[in-house]
Amino acid sequence: MEIKNVLCKSVLSRSGLKDSKFSINPYRGCSHSCIYCYAPYILREGRKWGTFVDIKTNAPEVLEKELKKIESGTVLISSVTDPYQPLERKYEITRKILEKLKGKKLFISILTKSSLVLRDLDLLKQLNCEVGITITTLNDNIRKLFEPNASSVESRLDTLKKLKEVGIKTYIFFGPMLPFISDKNLEETLKLFSALGPEKIYFDKLNVKNPFQWKKIKTFLEENYVDLAEKWEKAISNNYYKELKEKIIEICKNLSLNYEICY
Ligand code: SF4
């Protein structure tokens, strides 16, 4: 892993996302190395994703200045990296950013695949915030393949439970829904999610708009899930996600879940 300290000129970006006015990415690159990650294509990053992380060492100070120019809105941490990837334990850039956000009239939405977020409970309790945990499967052997360096499934579920116990609002980002994996025992999975008390469950599909990304996923499937490579190819080009959407809506309605389908 190539780790580099970098100085950023700006860290608070206008977000094009529906629910967030701003986003903050304390790092460029992400060592969680999820197979399906599309961040490198958004960033037009030429380096191999998962092999490098740039640490924006001056991000907290830069943010402090930028915060003087804004008054309100939702800030997403993070949109194209994981703010609690393993390096955060040592560098604490996300933690220092949260410190700068204390006392501001902003709503902070954190999204991560890491239980490291629990380290910052003291700060989270002082912020107007919510914490989202991404989950794509309940099977940790599959998780290890698709998200090799992120927290285990058990640890993510436990994180949601602990956050709820101390009164922090939570949500679950169930995505990308991996065809024929995420939807296995969907009703039972959603019942389990519901028992953890999230404010909302978001669903998203696999983003394979970039042909290079699909090529990477397909190669991965051919090496690890031979039978799925062809099935996924068909799924993403036909009605799979449309039918899944109908199934999600039916189950969520039956279970009275607050949900949003992002695709
Ligand atoms: S955690 Fe998010 S940003 Fe990091 S590799 Fe996975 S999908 Fe990409």
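Whatever order the structure lists ligands and atoms in, that order sets their numbers, starting from 1.
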Worksheet item: Is the closest basic N to carboxylate O distance between Lys200 and Glu130 below 4.0 Å?
Response: no

Worksheet item: Does the side chain of Leu190 come within less than 4.5 Å of Cys252's, by heavy atoms?
Response: yes

Worksheet entry | Lys NZ or Arg CZ of Lys245 over Tyr263 ring: under 6.0 Å, within 45° | yes

Worksheet item: Mind checking whether Phe220 and Phe146 have parallel, tilted or perpendicular rings, split at 30° and 60°?
Response: perpendicular

Worksheet entry | Sidechain N-carboxylate O distance under 4.0 Å for Lys234, Glu230 | yes

Discussion item. Under a 3.5 Å distance rule, please check whether Thr219 uses its side chain to pair with a backbone N or O of Lys215 as donor and acceptor.
Written reply: yes

Practice prompt. Only protein N/O/S atoms count here: give how many lie under 2.8 Å from atom 8 (Fe) of ligand 1.
Written response: 1

Worksheet, complete the sentence: Among non-hydrogen protein atoms, atom 7 (S) of ligand 1 lies closest to Lys113 NZ, 3.3 Å

